[in-house]
S.K.: 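First the structure, then my questions, so here it is.
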Amino acid sequence: MKIDFKLNGKPTSIDVDPAMPLLWVVRDELKLTATKFGCGMAMCGACTLHIDGEAIRSCSVPVESIAGKNIITLEGLSESEANLHPIQQAWMEEQVPQCGYCQSGFMMAAAKLIKENPNPTDDDIKNGITNICRCGTHPRIIKAIKRAAEINNQNH
Amino acid sequence: MSKEKKSFSRRKFLQRGVIVLGGSVVASYLGCSPMRRFTAQKVESMDLPASISSLKPDFWFEILADNTILLKSPKIEMGQGVWTGLAMMAAEELEVSLDKIKVEHANTGSGLIDNVNTGGSSSTSSLYGPVREVAATMREMLKAAAAKQWNVSISAVKTENGTLSSGGKKATYGEIVASTKEWDEPKTPTLKPKSAFKIIGKEVKRVDLKPKVMGTAKYTLDSELPDMLYAVLVKSPYLDATIKSVDSNEATKSAGVVKIVREGNLLAVVAKSFYAADSAAKKVVVEWNTPNKTQQADLIKLVTVGNGKEANIQKEGSAKSILKDNKTEVFRQEYRTPMATHAQMEVNGAIAHVEANKVLIITGSQGPSQVRDVVAKAIDIKKDTIDVHTPLLGGGFGRKAAPGLAAEAAIISKIVGKPIKVYNSRQHEFQNGVYRPNTHHVLQAKMTKDSKIEAITHDQATPDMYVRNMVGEIGLKLLGSDFLSAGHGASLMYNVPNKSVSVWNTDVPIPISIWRAVGMFPNTFAIESFINELAHKAGKDAIDFRLDMLTDKDDKIIERSRKVLETLIEKSGWETPKADGVGRGIAIGNDRKSIAAAAIEVEIIEGKIKVKKVTNVLDMGQIINPEGIKAQIEGCVMMGISATLYEELTVKDGQIEQAYFSQYPLASLSDVPEILSFLLEGDDVPYGVGEPPLSPIAPAIVGAVLNLTGKALRSLPLRLS
Ligand code: FES
Ligand code: FES
């Protein structure tokens, strides 16, 4: 089945099994590999991306359901390397990643969080994101999200 | 070899100045001695009988035409920051800024790969000398070459930020490399004194930061080969299962399927995409023989002190007879740690391309040279035809010290004749993995009238965690028990006149492996919990009680431990009044010369233990990358909280019961406490940082609960009722 949608701003068309999870469409068919596989069961958040502005675990979304929608992956979060999204800026400043594997999912979830809540408290962050990181970068994730919110508010 | 090919490699040879160096003058220097020294040092530092490789390196460093320096890391980056540490050490002696060093993993076909896995928190410490020596040698060679060209004395040549200069003359390293044909053999250069360090010990950004933030960092699952097919393995959720029968009729008809491969108990669906393979794999009907019937109670019974083979690993004075003398009361407690899994975020995976006389493997492993050996055996091919490339690892924690899926990928690729990518499902990771085994500990002590420990014994029951992998069955027999990995940290460091420690080794019918900090984790939990209980019983402050047993002024470890505890008192506010409802606990460990201690504050909220604040003091000797060390401490705190409060793997009817993250909860953002970290440099050489801060976390939490409630919890994960 042919499905049309927007991926990181670009009109995209794909002809695959409509039940194929979006994660595999993005990674294996469209070769954007920032979005990761961690569990395939919506339990870890490694595959988080944005669908029409919502942070969604793409491993559990059949591609047919995104027809006509706007998908943003980490590759499309920032305008350019020179003009990084506040989340990525803050992630650089706080040196969040260790192994890095979970980070794309965390950044996508975090970008959505600060959009909705421009001044998140520690508790807002702790309750707002349930992604898994095994390296234990959580303390830096909290710092970086608060820093990103700060950058965001300065920019506006 | 065709003419064209020859001239290409000759050109490459000339462009790559350091291959010239590597090929002629420095070959012996680069190739053997630092490697030998490094492995020797590692063996020394770990007290391990290590199997040592004599793999031939192509090169270690390469000065590229754009004046950057390529460092092919023999150690694997799995998040712990080893690339950054090595790059900092090299940049320091090469007199270049850190951004001039590009790091990638060496490959087994041409790299300086060691036969010992990346692990044991030993990479930076073991390479601290060799990397700097090689870098300093390169710098001196560049200076000598420039001096010759400019007709000045070597001492008149200065190096700064990748540029050589003398008077008005100036050239980049790249330029000198390009214009030098013969290199003079340098004397062993003197290394910079600590006071002259410009990079080591300073704040830097980790070298793999940007790709990890931009999403361009490549892991195994992100790698590809042209014309590659995907394989999904069909596995039984039961341990040791073998195939009775297979019905793959439906699966074969599934869209995109290329082949169903069955080779012994290896069953795989090969298809054009992962999704196609995965969908078809669900349609394969298999009947399994499930000979492993292990129950949780069997495991507990097997791993119990008194069972298995005893090896006494520490004996001072006559602890055992004092404990038996019936004169005073013996304080005796038992502790247990559960089986656990690594749950690294990136599942194991591999890509293999098997050709007639050439095998390419791409897999994220902590031991690429072992991957090569396993593949050689699996497809019966000579080792030197195999080239193992290692992308970044999405976490290791010991899980990727096991061979992973390279052999499976190679077998399938050989049968199908195409490059194959294969990876585990999360369920495979949980149920078909290798595990941290459960342990049992019995501690006994007698106190003097003035509340000092007169005699203490520790008996640890544990399966072998790793020694069998290193020295084989016979080696393990000779050693008596695995006191090197599973028994690591079983000994007692305190100055007590009578002490005795034994490790009881039992085999369990479960695949066992190393898990971050290996034996240090269960042993520190048991010993330090016991020490906290003794202090509590004696009505003494937990830190004072320890300081009273750290008295040997001639013992550097003891002296550094004192300093760590004294710093912890000050930094954690140990002596300040506690808020209501708060308990404080502490623990300390000596993990291969790194001394780590934590003071932890807990509360009990709605019947649950909540870690509020963790103050860490770590003396890891020479600081290389302070921010990197702090990140490792934070990671250890989170993993420590996770393993203390939540993690437990159980077995039922020969099946690991937890198959998904939902059944094996891990610490998350909501568990983040306030974390303070303080670094002490008690020595001029760096020791490990990736594991030492982990072990004190569990016993310090237990100590805090004891302090708050008067209740001693002795089994992980902690349960209040
Ligand atoms: S891979 Fe989608 S939530 Fe884990
Ligand atoms: S950085 Fe490794 S899992 Fe999060």
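Chain naming here is simple, since letters A, B, ... match the order of the sequence lines and numbering starts at 1 in each.
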S.K.: Between B/Ser273 and chain A, with a heavy-atom cut-off of 4.5 Å, which part of the residue counts as in contact: side chain, backbone, both or neither?
M.R.: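 Side chain of B/Ser273 only, per the 4.5 Å heavy-atom cut-off to chain A.
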S.K.: What residue in A/Ser104, A/Ala19, A/Gly40 has the most heavy-atom pairs under 4.5 Å with chain B?
M.R.: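 Sorted descending by pairs with chain B, the first entry is A/Ala19.
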S.K.: Quick check against the 3.5 Å criterion: does B/Arg206 have a side-chain atom that pairs as donor or acceptor with the backbone of B/Gly628?
M.R.: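 The answer is no, because no donor-acceptor pair under 3.5 Å joins these two groups.
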S.K.: Please classify the contact between B/Ala343 and chain A as side chain, backbone, both or neither, with a heavy-atom cut-off of under 4.5 Å.
M.R.: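 When you check distances to chain A, atoms from both the backbone and side chain of B/Ala343 fall under 4.5 Å.
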S.K.: Evaluate the criterion side-chain hydrogen bond (donor to acceptor under 3.5 Å, both in side chains) for residue pair A/Thr73 and A/Glu75; output intermediate values, then yes/no.
M.R.: CA-CA 5 Å; A/Thr73 66; A/Glu75 286 96 338; 2.7 Å; yes
S.K.: Checking B/Phe661 against chain A: side chain, backbone, both or neither under 4.5 Å from a heavy atom?
M.R.: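 For B/Phe661, the contact with chain A is made by backbone and side chain together.
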S.K.: Below 4.5 Å from any heavy atom of chain A, which atoms of B/Lys630 appear? Answer side chain, backbone, both or neither.
M.R.: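 Both parts, heavy atoms under 4.5 Å.
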S.K.: Sort B/Asp278 into side chain, backbone, both or neither according to what part of it lies under 4.5 angstrom from a heavy atom of chain A.
M.R.: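 No part of B/Asp278 comes within 4.5 Å of chain A.
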S.K.: Checking B/Ala667 against chain A: side chain, backbone, both or neither under 4.5 Å from a heavy atom?
M.R.: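 For B/Ala667, the contact with chain A is made by the backbone alone.
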S.K.: Of the backbone (N, CA, C, O) and the side chain (C-beta and beyond), which part of B/Glu224 lies under 4.5 Å from a heavy atom of chain A, both, or neither?
M.R.: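 The answer is the side chain of B/Glu224.
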S.K.: In terms of heavy-atom proximity below 4.5 Å to chain A, should B/Thr216 be classed as side chain, backbone, both, or neither?
M.R.: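 Contact with chain A: none, neither part.
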S.K.: Examine distances only and state if a side-chain atom of A/Glu54 and a backbone atom of A/Lys112 form a donor-acceptor pair shorter than 3.5 Å.
M.R.: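 Answer holds: no.
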S.K.: Given that the side chain runs from C-beta out, which part of B/Leu666 has a heavy atom under 4.5 Å from chain A: side chain, backbone, both or neither?
M.R.: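 Just the side chain, heavy atoms under 4.5 Å.
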S.K.: Counting heavy-atom pairs under 4.5 Å with chain B, which one of A/His138, A/Glu29, A/Gln103 comes out on top?
M.R.: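 Looking at each option in turn, the highest pair count goes to A/His138.
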S.K.: Given the options A/Met43, A/Gln95, A/Gln88, which has more heavy-atom pairs under 4.5 Å with chain B than any of the others?
M.R.: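 Highest number of pairs under 4.5 Å: A/Gln95.
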S.K.: Would you say A/Glu79 has more than 12 foreign heavy atoms packed within less than 6.0 Å of its CD?
M.R.: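 Not buried by this count: 12 neighbours or fewer within 6.0 Å.
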